[in-house]
Number of protein chains: 2
Amino acid sequence: MANIYQVAKLAKVSTATVSAVVNNQDVVEAKTRKRVLAAIKQLHYQPNLYASNLARGRTRLLGLVVSDIANPFFGELAHVIQQEALARGYEVLLATTDFSSKRLIASLKQMIGMRAAGVAIMTSEMQKQALELLRSHHAPAVFEDVGTADRHISNLRIDYEGGILKAVRYLVDLGHRNILFVKTYPVGDERGINFFSIRQRFEAFQAAIKSFKALGVSPQIVTYGGPGPLAGLGAIRKALSQSRFTAAVAIADPPALGILRGLREAGLSVPRDVSVIGFDNTYLCEYLNPPLTSVNIPRALVGHLVVETLLRMIENNEPGRELHVETELIVRESTAPPPNKRANRGTRRHS
Amino acid sequence: MANIYQVAKLAKVSTATVSAVVNNQDVVEAKTRKRVLAAIKQLHYQPNLYASNLARGRTRLLGLVVSDIANPFFGELAHVIQQEALARGYEVLLATTDFSSKRLIASLKQMIGMRAAGVAIMTSEMQKQALELLRSHHAPAVFEDVGTADRHISNLRIDYEGGILKAVRYLVDLGHRNILFVKTYPVGDERGINFFSIRQRFEAFQAAIKSFKALGVSPQIVTYGGPGPLAGLGAIRKALSQSRFTAAVAIADPPALGILRGLREAGLSVPRDVSVIGFDNTYLCEYLNPPLTSVNIPRALVGHLVVETLLRMIENNEPGRELHVETELIVRESTAPPPNKRANRGTRRHS
DNA sequence: CTGAAAGCGCTAACAC
DNA sequence: GTGTTAGCGCTTTCAG
């Protein structure tokens, strides 16, 4: 593969000139430039990125690591972040962990190895080790829910708690008293992972229920592991056989898919018999049958904040800061008052 | 950031030794190795990938470019390809084009710049330019439906035609005669793109219809641009106002979402009033209401073939070859015989 | 406006 | 086993 010397020789200039042309440094005479361009085309020259990054000593590369690209939420988020970064002249390197902390560490190492100018970690699994890794390299980073910001690390806090509270309150206002929290979780390949966002949503649910205790609201919990929709299905089957509830709150939209299906196969109608609320408000929600009520996380805002913050840290050497994003409940047709006369139930009616 | 010299100095060895340790070349005495490891840890040394790739002169990097990660099909495909590559000791660099041929070219250039050992292009937009680019660099590649294989390029052919034929035949066997093809397309940022897979599916539909002409089967076509589900919704609204059909075939699953919703909002029931068939058999299908009949493309097989073929070209210098993958119809609950007594219709019944 | 040349950090002969 | 050293291909002063 042609290199810069061959181009220089063919164009009868020095490598410095070729470099200037390639990088659009506006200091080359039009005539020379044209000659160089011709040589480049003729040799199909494509600069070696390793050599140029090595020589340059810095990159315009942002790392983004997410848990699971199969969840549309992450897909949409990755998309806006990429757009935003591109517009600012940065490339983004996307890595997926599949909820494995090993892969998280590996991805981070790769990004450090590629000397990414900044890194955004939007995973639900967390590891102290990941934090330390980044910290020891002084790589600007934004973590979701890492605790607190410091010199090189910004902390993005999404108001899961408020979102859950709004969801529960809405159900309570509709008249629901037996509310099920469907706590699904991915099955990673090792233990010791802190599925932070899951725990957080769960605790938020407990807190929300508690605040309505006086109204006689009682929580039901069902736990089930597996990939999104399947876990939701498994969970709801389990719940139907052991709990009584008139509403279910899912931890994310994909599990809600499974919940809807499980309810349907049990002969129950949504929202007539059971109300269902999802989380993340992915684009799927409005195309489901019935359209799914869900808690929205403003992806565009999150994406913008992440990139903006990263670039401020990178380019202006600003310290890490606290980012705060609100959530809201988007009401659709999967929620309604609980069945009127019927007693609460959780198993198939044999009517 | 610490470099290899500092590690070498601290460990009182040469850089060659550090390099050997880092790359697990089993030629270093345990004692020395331990010293080096300690130094690495102490300095938080992380090798500079640019330097090492530059020096090495080759990479274990596979490029993968897809159109749209928001379509779960591509997400799943990317996932299996990544798994497969990882297992063979390769990293994969994922790029998304958003159906823009500009971005296709840009992604390809980046991959060439990173000297990817091989590249897989699984996009529906195609450009001669992309082909030429790869060809001029002798980078092993596998294209979907590029035409024919040559020395450095393998051609993956997915039997869309057979899939569509199976779908149409199934509908015809059920008794449908007025079948709508919902031809949605992404709105890219420029013209001149060949949405190959779309055209192909469309032509396959026309051919299928033709083969049943004797039975009185007549095709309806509706065209609409936009992002998947939205395009499906727009298309079906348009179709309802102008055509008569008892079954609809979508070009992919996401548009089918929109179709289901559009039918519902028109007061039509699936499959009682209209049957619907999707394409790609993404995981969504079985969670929809009703579960969606769809044409399956065996992602695992495709992923395996792609990686296997690429590696053979890379490592054994084998020439490009023809890959062939079959499709099959997965029947679920969105298809049924057409309404019995009622005349064919396409507008809301005012009964 | 263009050229010469010193690195960037690492790898891989080759020598010891 | 381990050290020396010549590149890998590009960028970037600094001269001219």
Side-chain angles (χ1 to χ4, degrees), chain A residues 1-40 43-61 109-117 137 139, chain B residues 1-40 43-61 109-117 137 139:
Chain A
M1 190 156 304
N3 65 25
I4 200 171
Y5 288 101
Q6 305 173 22
V7 175
K9 179 188 280 186
L10 180 60
K12 297 191 193 305
V13 297
S14 76
T15 61
T17 304
V18 177
S19 178
V21 170
V22 166
N23 296 294
N24 292 313
Q25 290 174 212
D26 209 16
V27 289
V28 183
E29 208 178 341
K31 197 167 291 184
T32 322
R33 177 190 200 71
K34 186 166 288 181
R35 261 205 339 276
V36 172
L37 255 15
I40 287 178
L43 297 175
H44 299 292
Y45 170 67
Q46 201 65 241
N48 183 318
L49 256 31
Y50 301 112
S52 77
N53 279 317
L54 176 59
R56 230 190 290 267
R58 66 196 151 66
T59 65
R60 293 179 74 82
L61 217 202
K109 284 193 173 164
Q110 203 206 3
M111 287 170 178
I112 292 171
M114 294 187 67
R115 301 296 185 261
H137 285 276
Chain B
M1 191 155 302
N3 65 25
I4 201 171
Y5 289 103
Q6 304 173 21
V7 174
K9 180 189 277 185
L10 181 59
K12 296 189 193 308
V13 297
S14 75
T15 61
T17 304
V18 176
S19 178
V21 170
V22 167
N23 296 294
N24 292 313
Q25 290 174 211
D26 211 15
V27 288
V28 184
E29 209 179 338
K31 197 166 290 183
T32 322
R33 176 190 200 72
K34 186 167 286 180
R35 258 202 345 273
V36 173
L37 255 14
I40 287 177
L43 296 176
H44 298 292
Y45 171 67
Q46 201 66 241
N48 183 318
L49 256 32
Y50 301 113
S52 79
N53 279 318
L54 178 58
R56 229 190 291 266
R58 62 193 156 66
T59 64
R60 292 180 74 82
L61 217 202
K109 283 192 174 162
Q110 203 206 2
M111 287 171 179
I112 292 171
M114 295 187 68
R115 302 298 186 260
H137 284 277

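Residue numbers start from 1 in every chain, and the chains themselves are labelled A, B, ... in the order their sequence lines are given, proteins ahead of strands.
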- Message: Once you apply a heavy-atom cut-off of 4.0 Å, does K12(A) come out as touching a base, just sugar-phosphate, or nothing?
- Response: sugar-phosphate
- Message: Without decimals, in angstroms, what is the distance between D26(B) CG and dT2(D) P?
- Response: 12 Å
- Query: To the nearest Å, how far apart are E29(B) CD and dG3(D) P?
  - Reply: 11 Å
- Note on the structure: To the nearest 0.5 Å, atom CD of Q46(B) lies from atom CZ of R115(A) at 7.5 Å
- Note on the structure: When every non-hydrogen atom of T15(A) is compared with those of I4(A), the smallest separation belongs to O-CD1, 3.7 Å
- Show your reasoning for whether side chain to side chain contact (heavy atoms under 4.5 Å, CB included) applies to S14(A) and T17(A). CA-CA 5 Å; S14(A) 76; T17(A) 304; 3.5 Å; yes
- If the sugar-phosphate is the primed atoms plus P, OP1 and OP2 and the base is the rest, what is the B/S/- string for nucleotides 8-16 of chain C, using protein heavy atoms under 4.0 Å? BBBBB----
- Query: Out of curiosity, N23(A) CG to R56(A) CZ, how far, rounded to the nearest 0.5 Å?
  - Reply: 5.0 Å
- Quickly work out the K34(A) NZ to dC1(C) C1' distance and round it to whole Å. 17 Å
- Message: Would you say T17(B) places a side-chain N or O within less than 4.0 Å of OP1 or OP2 belonging to dG3(D)?
- Response: yes
- Message: Does the plane of the ring in Y50(A) sit parallel, tilted or perpendicular to the ring in Y50(B)? Use 30° and 60° as the thresholds.
- Response: tilted
- Message: To the nearest 0.5 Å, what is the distance between CG on L49(B) and CG on L54(A)?
- Response: 11.5 Å
